[in-house]
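Below is one structure, written out as C-alpha coordinates, with a few remarks after it.
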Protein chains: 2
Amino acid sequence: MPSTDTTETARERILDTAESLFAQRGFDGVTVRQITSAARCNLAAVNYHFGNKKSLYLEVFRSRWVPRAKRLQAHFRANLADQASMRPDAAAVARSLAHTFLAGPMTDEERQRHHQLMSREMGRPTEAFQMVAEDVIRPFFKELAELLRPALPKTVDQEGLSLNLLSILALVLYFNFAREAVTRITGRKYDKAFKDRLVDHIVTFVRNGLGCERMQGEEVT
Amino acid sequence: MPSTDTTETARERILDTAESLFAQRGFDGVTVRQITSAARCNLAAVNYHFGNKKSLYLEVFRSRWVPRAKRLQAHFRANLADQASMRPDAAAVARSLAHTFLAGPMTDEERQRHHQLMSREMGRPTEAFQMVAEDVIRPFFKELAELLRPALPKTVDQEGLSLNLLSILALVLYFNFAREAVTRITGRKYDKAFKDRLVDHIVTFVRNGLGCERMQGEEVT
DNA sequence: TTGACAATAAAACAAATGTTTGATACAAAC
DNA sequence: GTTTGTATCAAACATTTGTTTTATTGTCAA
(Lines give C-alpha, C1' and ligand atoms only; values in the text may rest on other atoms or scores of the structure.)
Protein backbone atom coordinates (compact mmCIF):
# COMPACT_ATOMS: atom_id res chain seq x y z
CA MET A 1 0.00 0.00 0.00
CA PRO A 2 1.23 3.48 -0.84
CA SER A 3 1.81 5.97 1.94
CA THR A 4 -1.44 7.87 2.33
CA ASP A 5 -0.35 10.56 4.78
CA THR A 6 -2.53 13.60 4.97
CA THR A 7 0.63 15.64 4.42
CA GLU A 8 0.60 14.61 0.77
CA THR A 9 -1.83 16.47 -1.42
CA ALA A 10 -4.92 14.62 -2.51
CA ARG A 11 -3.61 14.65 -6.07
CA GLU A 12 -0.45 12.82 -5.00
CA ARG A 13 -2.35 10.34 -2.88
CA ILE A 14 -4.58 9.54 -5.81
CA LEU A 15 -1.58 8.93 -8.08
CA ASP A 16 0.07 6.62 -5.55
CA THR A 17 -3.08 4.69 -4.82
CA ALA A 18 -4.02 4.46 -8.47
CA GLU A 19 -0.62 3.14 -9.44
CA SER A 20 -0.81 0.45 -6.81
CA LEU A 21 -4.34 -0.62 -7.67
CA PHE A 22 -3.85 -0.48 -11.45
CA ALA A 23 -0.74 -2.62 -11.05
CA GLN A 24 -2.60 -5.19 -8.97
CA ARG A 25 -5.86 -5.43 -10.87
CA GLY A 26 -5.46 -3.63 -14.19
CA PHE A 27 -7.39 -0.69 -15.56
CA ASP A 28 -10.72 -2.49 -15.86
CA GLY A 29 -10.36 -4.20 -12.51
CA VAL A 30 -10.31 -0.97 -10.54
CA THR A 31 -13.13 1.53 -10.03
CA VAL A 32 -12.77 5.25 -9.47
CA ARG A 33 -14.57 4.77 -6.18
CA GLN A 34 -12.00 2.21 -4.99
CA ILE A 35 -9.21 4.62 -5.83
CA THR A 36 -10.71 7.65 -4.15
CA SER A 37 -11.79 5.84 -1.04
CA ALA A 38 -8.37 4.21 -0.64
CA ALA A 39 -6.81 7.64 -1.15
CA ARG A 40 -9.24 9.08 1.41
CA CYS A 41 -10.68 11.78 -0.79
CA ASN A 42 -13.91 12.58 -2.55
CA LEU A 43 -15.13 10.68 -5.58
CA ALA A 44 -15.07 13.81 -7.70
CA ALA A 45 -11.40 14.41 -7.00
CA VAL A 46 -10.27 12.12 -9.83
CA ASN A 47 -12.25 14.04 -12.40
CA TYR A 48 -11.29 17.37 -10.86
CA HIS A 49 -7.54 16.70 -10.90
CA PHE A 50 -7.19 14.46 -13.94
CA GLY A 51 -10.30 14.93 -16.06
CA ASN A 52 -11.23 11.27 -16.23
CA LYS A 53 -10.14 7.77 -15.29
CA LYS A 54 -8.16 7.15 -18.44
CA SER A 55 -6.19 10.37 -18.08
CA LEU A 56 -5.37 9.40 -14.52
CA TYR A 57 -4.01 6.10 -15.81
CA LEU A 58 -1.80 7.91 -18.32
CA GLU A 59 -0.65 10.37 -15.69
CA VAL A 60 0.44 7.45 -13.49
CA PHE A 61 2.82 6.46 -16.25
CA ARG A 62 3.98 10.00 -16.97
CA SER A 63 4.66 11.08 -13.43
CA ARG A 64 5.48 7.80 -11.74
CA TRP A 65 6.54 5.06 -14.13
CA VAL A 66 8.71 6.99 -16.57
CA PRO A 67 10.77 8.83 -13.93
CA ARG A 68 11.40 5.57 -12.13
CA ALA A 69 12.46 3.89 -15.35
CA LYS A 70 14.96 6.69 -15.94
CA ARG A 71 16.29 6.28 -12.41
CA LEU A 72 16.75 2.60 -13.16
CA GLN A 73 18.67 3.35 -16.32
CA ALA A 74 20.93 5.74 -14.45
CA HIS A 75 21.54 3.07 -11.84
CA PHE A 76 22.45 0.60 -14.54
CA ARG A 77 25.03 2.98 -16.05
CA ALA A 78 26.57 3.76 -12.68
CA ASN A 79 26.71 0.13 -11.72
CA LEU A 80 28.31 -0.85 -15.00
CA ALA A 81 30.87 1.94 -14.84
CA ASP A 82 31.68 0.77 -11.33
CA GLN A 83 32.62 -2.77 -12.23
CA ALA A 84 33.97 -2.30 -15.77
CA SER A 85 35.87 0.92 -16.18
CA MET A 86 36.49 0.95 -19.92
CA ARG A 87 35.05 -1.56 -22.36
CA PRO A 88 32.55 -3.72 -20.52
CA ASP A 89 32.27 -7.35 -21.56
CA ALA A 90 28.94 -9.06 -22.11
CA ALA A 91 28.94 -10.68 -18.67
CA ALA A 92 29.37 -7.32 -16.95
CA VAL A 93 26.45 -5.85 -18.88
CA ALA A 94 24.32 -8.84 -18.01
CA ARG A 95 25.24 -8.58 -14.36
CA SER A 96 24.44 -4.87 -14.19
CA LEU A 97 21.16 -5.41 -15.94
CA ALA A 98 20.04 -8.18 -13.65
CA HIS A 99 21.17 -6.30 -10.59
CA THR A 100 19.43 -3.10 -11.62
CA PHE A 101 16.12 -4.74 -12.37
CA LEU A 102 16.04 -7.24 -9.55
CA ALA A 103 17.86 -5.61 -6.68
CA GLY A 104 18.27 -1.99 -7.78
CA PRO A 105 17.23 1.28 -6.18
CA MET A 106 13.67 0.40 -5.31
CA THR A 107 11.80 -1.16 -2.46
CA ASP A 108 10.53 -4.59 -3.30
CA GLU A 109 6.95 -3.40 -3.38
CA GLU A 110 7.87 -0.58 -5.75
CA ARG A 111 9.67 -2.98 -8.07
CA GLN A 112 6.67 -5.26 -8.15
CA ARG A 113 4.35 -2.35 -8.98
CA HIS A 114 6.70 -1.12 -11.68
CA HIS A 115 6.94 -4.44 -13.45
CA GLN A 116 3.31 -5.34 -13.03
CA LEU A 117 2.29 -2.13 -14.74
CA MET A 118 4.68 -2.82 -17.60
CA SER A 119 3.54 -6.42 -17.88
CA ARG A 120 -0.05 -5.36 -18.26
CA GLU A 121 0.89 -2.85 -20.93
CA MET A 122 2.85 -5.48 -22.81
CA GLY A 123 -0.09 -7.84 -22.70
CA ARG A 124 -2.49 -5.23 -24.00
CA PRO A 125 -0.74 -2.07 -25.12
CA THR A 126 -2.56 1.24 -24.68
CA GLU A 127 -1.49 4.84 -25.26
CA ALA A 128 0.70 4.47 -22.19
CA PHE A 129 2.75 1.80 -23.91
CA GLN A 130 3.23 3.91 -26.99
CA MET A 131 4.67 6.71 -24.89
CA VAL A 132 6.83 4.46 -22.77
CA ALA A 133 8.13 2.45 -25.71
CA GLU A 134 9.26 5.51 -27.63
CA ASP A 135 10.58 7.61 -24.77
CA VAL A 136 12.13 4.96 -22.56
CA ILE A 137 12.34 1.41 -23.80
CA ARG A 138 13.49 1.78 -27.37
CA PRO A 139 16.31 4.25 -26.57
CA PHE A 140 17.50 1.97 -23.78
CA PHE A 141 17.48 -1.02 -26.11
CA LYS A 142 19.54 0.95 -28.61
CA GLU A 143 21.97 1.98 -25.91
CA LEU A 144 22.40 -1.62 -24.81
CA ALA A 145 22.88 -2.84 -28.35
CA GLU A 146 25.63 -0.31 -29.01
CA LEU A 147 27.23 -1.13 -25.68
CA LEU A 148 27.27 -4.80 -26.48
CA ARG A 149 28.20 -4.84 -30.13
CA PRO A 150 31.97 -4.53 -29.62
CA ALA A 151 31.88 -7.02 -26.75
CA LEU A 152 30.25 -9.84 -28.65
CA PRO A 153 31.74 -12.63 -30.76
CA LYS A 154 30.99 -12.28 -34.45
CA THR A 155 28.79 -15.37 -34.35
CA VAL A 156 26.10 -13.35 -32.53
CA ASP A 157 23.86 -11.42 -34.89
CA GLN A 158 21.56 -8.52 -34.20
CA GLU A 159 18.59 -10.83 -33.84
CA GLY A 160 20.32 -12.96 -31.24
CA LEU A 161 21.10 -9.85 -29.26
CA SER A 162 17.50 -8.64 -29.43
CA LEU A 163 16.20 -12.01 -28.33
CA ASN A 164 18.45 -12.06 -25.32
CA LEU A 165 17.55 -8.56 -24.25
CA LEU A 166 13.87 -9.34 -24.67
CA SER A 167 14.34 -12.48 -22.66
CA ILE A 168 15.91 -10.62 -19.77
CA LEU A 169 13.00 -8.25 -19.85
CA ALA A 170 10.54 -11.12 -20.08
CA LEU A 171 12.05 -13.00 -17.15
CA VAL A 172 12.32 -9.94 -14.95
CA LEU A 173 8.79 -8.87 -15.72
CA TYR A 174 7.39 -12.34 -15.33
CA PHE A 175 9.06 -13.26 -12.10
CA ASN A 176 7.59 -10.07 -10.68
CA PHE A 177 4.26 -10.17 -12.43
CA ALA A 178 3.55 -13.76 -11.46
CA ARG A 179 4.91 -13.78 -7.94
CA GLU A 180 1.81 -15.18 -6.34
CA ALA A 181 1.52 -17.99 -8.87
CA VAL A 182 5.22 -18.83 -8.73
CA THR A 183 4.99 -19.04 -4.96
CA ARG A 184 1.95 -21.29 -5.16
CA ILE A 185 3.56 -23.63 -7.68
CA THR A 186 7.00 -23.88 -6.17
CA GLY A 187 6.15 -23.27 -2.54
CA ARG A 188 8.99 -20.74 -2.56
CA LYS A 189 8.57 -17.26 -1.04
CA TYR A 190 10.15 -14.17 -2.58
CA ASP A 191 12.72 -13.78 0.15
CA LYS A 192 16.27 -12.57 -0.26
CA ALA A 193 17.63 -16.03 -0.98
CA PHE A 194 15.20 -16.67 -3.80
CA LYS A 195 15.72 -13.27 -5.36
CA ASP A 196 19.50 -13.63 -5.18
CA ARG A 197 19.18 -16.93 -6.87
CA LEU A 198 17.00 -15.36 -9.56
CA VAL A 199 19.67 -12.77 -10.28
CA ASP A 200 22.27 -15.53 -10.64
CA HIS A 201 19.98 -17.49 -12.86
CA ILE A 202 19.24 -14.63 -15.23
CA VAL A 203 22.84 -13.49 -15.39
CA THR A 204 23.95 -16.96 -16.37
CA PHE A 205 21.24 -17.22 -18.96
CA VAL A 206 22.10 -13.95 -20.60
CA ARG A 207 25.82 -14.59 -20.54
CA ASN A 208 25.42 -17.99 -22.13
CA GLY A 209 22.86 -16.69 -24.55
CA LEU A 210 24.94 -13.70 -25.59
CA GLY A 211 28.13 -15.64 -26.01
CA CYS A 212 27.27 -18.91 -27.68
CA GLU A 213 23.72 -19.08 -28.72
CA ARG A 214 23.62 -21.30 -31.80
CA MET A 215 23.23 -25.00 -31.32
CA GLN A 216 22.83 -27.77 -33.84
CA GLY A 217 19.40 -26.67 -35.01
CA GLU A 218 15.93 -27.88 -34.20
CA GLU A 219 13.99 -29.93 -36.67
CA VAL A 220 11.94 -32.43 -34.73
CA THR A 221 8.57 -32.82 -36.48
CA MET B 1 -11.87 -15.40 -33.95
CA PRO B 2 -13.37 -18.77 -33.03
CA SER B 3 -15.49 -20.60 -35.56
CA THR B 4 -19.03 -19.49 -34.93
CA ASP B 5 -20.89 -21.83 -37.27
CA THR B 6 -24.53 -22.28 -36.61
CA THR B 7 -23.85 -26.02 -36.61
CA GLU B 8 -22.25 -25.71 -33.21
CA THR B 9 -24.63 -25.42 -30.30
CA ALA B 10 -24.98 -22.00 -28.69
CA ARG B 11 -23.31 -23.34 -25.60
CA GLU B 12 -20.23 -24.32 -27.57
CA ARG B 13 -20.15 -21.04 -29.44
CA ILE B 14 -20.29 -19.16 -26.15
CA LEU B 15 -17.39 -21.17 -24.77
CA ASP B 16 -15.25 -20.55 -27.85
CA THR B 17 -16.04 -16.88 -28.01
CA ALA B 18 -15.60 -16.41 -24.29
CA GLU B 19 -12.21 -18.10 -24.31
CA SER B 20 -11.02 -15.87 -27.10
CA LEU B 21 -12.30 -12.66 -25.53
CA PHE B 22 -11.18 -13.51 -21.99
CA ALA B 23 -7.72 -14.29 -23.37
CA GLN B 24 -7.53 -10.97 -25.19
CA ARG B 25 -8.98 -8.64 -22.60
CA GLY B 26 -9.22 -10.46 -19.31
CA PHE B 27 -12.28 -11.20 -17.20
CA ASP B 28 -13.03 -7.59 -16.29
CA GLY B 29 -12.37 -6.33 -19.79
CA VAL B 30 -15.16 -8.37 -21.36
CA THR B 31 -18.91 -7.96 -20.91
CA VAL B 32 -21.53 -10.66 -21.15
CA ARG B 33 -23.13 -8.68 -23.96
CA GLN B 34 -19.91 -8.72 -25.97
CA ILE B 35 -19.66 -12.46 -25.56
CA THR B 36 -23.25 -13.25 -26.49
CA SER B 37 -23.36 -10.92 -29.45
CA ALA B 38 -20.07 -12.28 -30.81
CA ALA B 39 -21.46 -15.78 -30.32
CA ARG B 40 -24.69 -14.72 -32.04
CA CYS B 41 -27.04 -15.72 -29.27
CA ASN B 42 -29.26 -14.10 -26.72
CA LEU B 43 -27.93 -12.23 -23.74
CA ALA B 44 -29.66 -14.60 -21.34
CA ALA B 45 -27.91 -17.61 -22.83
CA VAL B 46 -24.85 -17.19 -20.64
CA ASN B 47 -26.89 -17.30 -17.45
CA TYR B 48 -29.06 -20.09 -18.80
CA HIS B 49 -26.17 -22.37 -19.75
CA PHE B 50 -23.58 -21.43 -17.14
CA GLY B 51 -25.38 -19.68 -14.29
CA ASN B 52 -23.28 -16.54 -14.32
CA LYS B 53 -20.27 -14.90 -15.89
CA LYS B 54 -17.78 -16.24 -13.38
CA SER B 55 -18.95 -19.82 -13.84
CA LEU B 56 -18.59 -19.38 -17.59
CA TYR B 57 -15.01 -18.29 -17.03
CA LEU B 58 -14.29 -21.38 -14.95
CA GLU B 59 -16.00 -23.61 -17.49
CA VAL B 60 -13.71 -22.20 -20.20
CA PHE B 61 -10.79 -23.57 -18.22
CA ARG B 62 -12.44 -26.88 -17.41
CA SER B 63 -13.68 -27.75 -20.87
CA ARG B 64 -11.17 -25.95 -23.06
CA TRP B 65 -7.89 -25.11 -21.34
CA VAL B 66 -7.33 -28.26 -19.30
CA PRO B 67 -8.00 -30.74 -22.13
CA ARG B 68 -5.68 -28.78 -24.39
CA ALA B 69 -2.98 -28.77 -21.73
CA LYS B 70 -3.27 -32.55 -21.47
CA ARG B 71 -3.00 -32.87 -25.23
CA LEU B 72 0.16 -30.81 -25.05
CA GLN B 73 1.61 -33.06 -22.38
CA ALA B 74 0.84 -36.12 -24.49
CA HIS B 75 2.53 -34.48 -27.45
CA PHE B 76 5.59 -33.78 -25.34
CA ARG B 77 5.86 -37.42 -24.24
CA ALA B 78 5.44 -38.72 -27.77
CA ASN B 79 7.95 -36.25 -29.16
CA LEU B 80 10.48 -37.13 -26.49
CA ALA B 81 10.04 -40.87 -26.98
CA ASP B 82 10.54 -40.29 -30.68
CA GLN B 83 13.94 -38.70 -30.44
CA ALA B 84 15.33 -40.37 -27.32
CA SER B 85 14.30 -43.98 -27.04
CA MET B 86 15.58 -44.85 -23.56
CA ARG B 87 17.08 -42.37 -21.13
CA PRO B 88 16.64 -38.89 -22.55
CA ASP B 89 19.36 -36.35 -21.89
CA ALA B 90 18.63 -32.83 -20.76
CA ALA B 91 18.96 -31.36 -24.24
CA ALA B 92 16.37 -33.76 -25.60
CA VAL B 93 13.92 -32.82 -22.88
CA ALA B 94 14.52 -29.15 -23.55
CA ARG B 95 14.01 -29.63 -27.25
CA SER B 96 10.76 -31.52 -26.79
CA LEU B 97 9.48 -28.94 -24.35
CA ALA B 98 10.22 -26.01 -26.62
CA HIS B 99 8.81 -27.80 -29.61
CA THR B 100 5.63 -28.78 -27.82
CA PHE B 101 4.91 -25.32 -26.46
CA LEU B 102 5.99 -23.27 -29.44
CA ALA B 103 5.25 -25.39 -32.47
CA GLY B 104 3.15 -28.25 -31.08
CA PRO B 105 -0.30 -29.53 -32.02
CA MET B 106 -2.14 -26.21 -32.09
CA THR B 107 -2.88 -23.48 -34.53
CA ASP B 108 -1.00 -20.32 -33.80
CA GLU B 109 -4.12 -18.52 -32.71
CA GLU B 110 -5.01 -21.36 -30.36
CA ARG B 111 -1.54 -21.32 -28.82
CA GLN B 112 -1.80 -17.61 -28.25
CA ARG B 113 -5.18 -17.96 -26.58
CA HIS B 114 -3.91 -20.81 -24.41
CA HIS B 115 -0.91 -18.92 -23.12
CA GLN B 116 -2.66 -15.61 -22.74
CA LEU B 117 -5.24 -17.22 -20.49
CA MET B 118 -2.52 -18.81 -18.39
CA SER B 119 -0.55 -15.57 -18.25
CA ARG B 120 -3.53 -13.70 -16.88
CA GLU B 121 -4.10 -16.38 -14.27
CA MET B 122 -0.47 -16.23 -13.22
CA GLY B 123 -0.66 -12.48 -12.85
CA ARG B 124 -3.78 -12.62 -10.73
CA PRO B 125 -4.71 -16.18 -9.74
CA THR B 126 -8.38 -17.04 -9.36
CA GLU B 127 -10.17 -20.31 -8.67
CA ALA B 128 -9.24 -21.33 -12.19
CA PHE B 129 -5.56 -21.19 -11.34
CA GLN B 130 -6.03 -23.32 -8.25
CA MET B 131 -7.68 -26.02 -10.32
CA VAL B 132 -5.17 -25.85 -13.14
CA ALA B 133 -2.15 -25.76 -10.86
CA GLU B 134 -3.19 -28.86 -8.95
CA ASP B 135 -4.58 -30.93 -11.79
CA VAL B 136 -2.21 -30.03 -14.59
CA ILE B 137 0.83 -27.92 -13.85
CA ARG B 138 2.18 -29.40 -10.65
CA PRO B 139 1.98 -33.04 -11.83
CA PHE B 140 3.72 -32.07 -15.07
CA PHE B 141 6.45 -30.30 -13.16
CA LYS B 142 6.95 -33.38 -11.06
CA GLU B 143 7.07 -35.58 -14.13
CA LEU B 144 9.70 -33.34 -15.70
CA ALA B 145 11.76 -33.25 -12.54
CA GLU B 146 11.85 -37.04 -12.30
CA LEU B 147 12.63 -37.30 -15.98
CA LEU B 148 15.54 -34.94 -15.65
CA ARG B 149 17.05 -35.98 -12.36
CA PRO B 150 19.09 -38.90 -13.74
CA ALA B 151 20.13 -36.85 -16.77
CA LEU B 152 21.62 -33.95 -14.86
CA PRO B 153 25.11 -33.39 -13.49
CA LYS B 154 25.30 -33.45 -9.70
CA THR B 155 26.11 -29.75 -9.64
CA VAL B 156 22.49 -28.95 -10.48
CA ASP B 157 20.24 -28.88 -7.45
CA GLN B 158 16.48 -29.07 -7.23
CA GLU B 159 16.18 -25.31 -7.10
CA GLY B 160 18.20 -24.84 -10.27
CA LEU B 161 15.94 -27.30 -12.01
CA SER B 162 12.81 -25.51 -10.83
CA LEU B 163 14.15 -22.16 -11.93
CA ASN B 164 14.88 -23.43 -15.39
CA LEU B 165 11.49 -25.03 -15.80
CA LEU B 166 9.82 -21.87 -14.58
CA SER B 167 11.93 -19.85 -16.98
CA ILE B 168 10.86 -21.93 -19.95
CA LEU B 169 7.29 -21.44 -18.89
CA ALA B 170 7.87 -17.72 -18.38
CA LEU B 171 9.47 -17.23 -21.78
CA VAL B 172 6.88 -19.26 -23.63
CA LEU B 173 4.04 -17.49 -21.89
CA TYR B 174 5.57 -14.09 -22.31
CA PHE B 175 6.51 -14.31 -25.93
CA ASN B 176 2.91 -15.24 -26.59
CA PHE B 177 1.28 -12.94 -24.08
CA ALA B 178 3.20 -9.90 -25.23
CA ARG B 179 3.23 -10.47 -28.96
CA GLU B 180 1.85 -7.09 -29.88
CA ALA B 181 4.32 -5.24 -27.69
CA VAL B 182 7.27 -7.36 -28.83
CA THR B 183 6.37 -6.63 -32.42
CA ARG B 184 6.09 -2.92 -31.71
CA ILE B 185 9.45 -2.78 -29.94
CA THR B 186 11.48 -4.96 -32.25
CA GLY B 187 9.60 -4.35 -35.47
CA ARG B 188 9.58 -8.12 -35.86
CA LYS B 189 6.38 -10.00 -36.86
CA TYR B 190 5.55 -13.40 -35.45
CA ASP B 191 6.25 -15.22 -38.70
CA LYS B 192 7.73 -18.67 -39.06
CA ALA B 193 11.30 -17.38 -39.07
CA PHE B 194 10.87 -15.52 -35.79
CA LYS B 195 9.12 -18.40 -34.08
CA ASP B 196 11.74 -20.88 -35.24
CA ARG B 197 14.38 -18.61 -33.84
CA LEU B 198 12.49 -18.41 -30.56
CA VAL B 199 12.49 -22.19 -30.27
CA ASP B 200 16.24 -22.27 -30.86
CA HIS B 201 16.75 -19.53 -28.35
CA ILE B 202 14.78 -21.19 -25.60
CA VAL B 203 16.27 -24.61 -26.23
CA THR B 204 19.76 -23.20 -25.91
CA PHE B 205 18.84 -21.34 -22.77
CA VAL B 206 17.41 -24.36 -21.09
CA ARG B 207 20.24 -26.65 -22.13
CA ASN B 208 22.85 -24.25 -20.84
CA GLY B 209 20.85 -23.52 -17.76
CA LEU B 210 20.26 -27.14 -16.93
CA GLY B 211 23.83 -28.17 -17.46
CA CYS B 212 26.04 -25.49 -16.04
CA GLU B 213 24.14 -22.89 -14.14
CA ARG B 214 26.46 -21.67 -11.38
CA MET B 215 28.83 -18.86 -12.13
CA GLN B 216 31.16 -16.90 -9.87
CA GLY B 217 28.44 -15.27 -7.79
CA GLU B 218 26.92 -11.84 -7.89
CA GLU B 219 27.76 -9.28 -5.26
CA VAL B 220 27.84 -5.90 -6.95
CA THR B 221 26.27 -3.34 -4.59
C1' DT C 1 -14.09 43.22 4.33
C1' DT C 2 -14.48 41.81 -0.22
C1' DG C 3 -13.51 39.20 -4.32
C1' DA C 4 -11.23 35.56 -6.67
C1' DC C 5 -9.58 31.14 -6.98
C1' DA C 6 -8.33 26.36 -5.84
C1' DA C 7 -9.89 22.35 -3.46
C1' DT C 8 -13.32 19.41 -1.39
C1' DA C 9 -17.88 17.59 -0.52
C1' DA C 10 -22.56 15.51 -1.19
C1' DA C 11 -25.80 14.53 -4.39
C1' DA C 12 -27.53 13.53 -8.78
C1' DC C 13 -27.25 11.66 -13.60
C1' DA C 14 -26.87 8.79 -17.48
C1' DA C 15 -25.01 4.89 -19.32
C1' DA C 16 -23.33 0.25 -18.79
C1' DT C 17 -23.57 -4.24 -16.77
C1' DG C 18 -24.82 -8.76 -14.57
C1' DT C 19 -28.90 -11.06 -13.81
C1' DT C 20 -33.87 -12.35 -13.86
C1' DT C 21 -38.43 -12.84 -15.76
C1' DG C 22 -42.09 -14.36 -18.58
C1' DA C 23 -43.37 -15.70 -23.09
C1' DT C 24 -42.61 -18.53 -27.16
C1' DA C 25 -40.91 -22.15 -30.31
C1' DC C 26 -39.84 -26.74 -30.96
C1' DA C 27 -38.94 -31.47 -30.56
C1' DA C 28 -39.55 -35.89 -28.25
C1' DA C 29 -42.44 -38.90 -25.19
C1' DC C 30 -46.67 -40.53 -23.76
C1' DG D 1 -53.18 -34.34 -29.32
C1' DT D 2 -51.35 -33.35 -25.16
C1' DT D 3 -47.63 -32.98 -22.24
C1' DT D 4 -42.94 -32.28 -20.94
C1' DG D 5 -38.51 -30.43 -21.09
C1' DT D 6 -35.02 -27.74 -23.51
C1' DA D 7 -33.56 -23.70 -25.76
C1' DT D 8 -34.18 -19.04 -27.30
C1' DC D 9 -35.88 -14.45 -27.11
C1' DA D 10 -37.24 -9.57 -25.85
C1' DA D 11 -37.89 -6.94 -22.07
C1' DA D 12 -37.24 -5.48 -17.54
C1' DC D 13 -34.60 -5.03 -13.08
C1' DA D 14 -31.33 -3.71 -9.74
C1' DT D 15 -26.63 -2.32 -9.20
C1' DT D 16 -22.52 -0.52 -10.44
C1' DT D 17 -19.74 2.86 -12.60
C1' DG D 18 -17.82 7.06 -14.81
C1' DT D 19 -18.96 11.65 -14.86
C1' DT D 20 -21.26 16.12 -13.77
C1' DT D 21 -23.38 19.50 -11.01
C1' DT D 22 -23.91 22.59 -7.39
C1' DA D 23 -22.66 24.19 -3.01
C1' DT D 24 -19.23 24.97 0.54
C1' DT D 25 -14.76 25.79 2.59
C1' DG D 26 -10.34 27.87 3.08
C1' DT D 27 -6.70 30.99 1.43
C1' DC D 28 -4.60 34.83 -0.35
C1' DA D 29 -4.63 39.49 -2.53
C1' DA D 30 -6.67 43.86 -3.17
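Every chain is numbered from 1 and lettered A, B, ... according to where its sequence line falls, protein lines coming before strand lines.
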Minimum side-chain heavy-atom gap A/Q73-A/V136 below 4.5 Å: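 In short, these two side chains touch, coming nearer than 4.5 Å.
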Beyond-backbone contact of A/H114 with A/L72, side-chain heavy atoms, under 4.5 angstrom: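 Yes - at least one pair of side-chain heavy atoms lies under 4.5 Å apart.
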Nearest heavy atoms of A/A170 and B/L171, plus distance in Å: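 Where A/A170 meets B/L171 most closely, the heavy atoms are CB-CD2, 3.9 Å.
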Sequence-aligned protein contact record of nucleotides 18-25 of chain D, with B where the base is within under 4.0 Å of a protein heavy atom and S where only the sugar-phosphate is: BBBB----
Ring centres under 6.0 angstrom apart (B/F177, A/Y174):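 Between A/Y174 and B/F177, which both carry aromatic rings, the centre distance is not below 6.0 Å.
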Any B/H49 side-chain nitrogen or oxygen under 4.0 Å from OP1 or OP2 of D/dT6: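 No, B/H49 has no side-chain N/O under 4.0 Å of OP1/OP2 on D/dT6.
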Those residues that, when tested against B/S63, pass side-chain hydrogen bond (donor to acceptor under 3.5 Å, both in side chains) (two or more places apart):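 Scan of B/S63 (side-chain hydrogen bond (donor to acceptor under 3.5 Å, both in side chains), adjacent residues dropped) gives none.
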Any donor-acceptor N/O pair, B/R120 side chain to B/Q24 backbone, under 3.5 Å: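 Checked: pair present.
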Chain B footprint on DNA chain C, 5' to 3' - any atom under 4.0 Å from a heavy atom: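 Reading along DNA chain C, I get C/dT17 to C/dT21.
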salt_bridge(B/E110, B/R64) N-O dist < 4.0 Å: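 No, no charged N to carboxylate O under 4.0 Å.
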Evaluation steps, salt bridge (Lys or Arg N to Asp or Glu O under 4.0 Å), between B/D108 and B/K195: CA-CA 10 Å; B/D108 198 58; B/K195 287 187 286 182; 2.9 Å; yes
Protein-nucleotide distance (B/E12, atom CD; D/dT6, atom P), rounded to Å: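 Roughly 18 Å, once rounded to whole Å.
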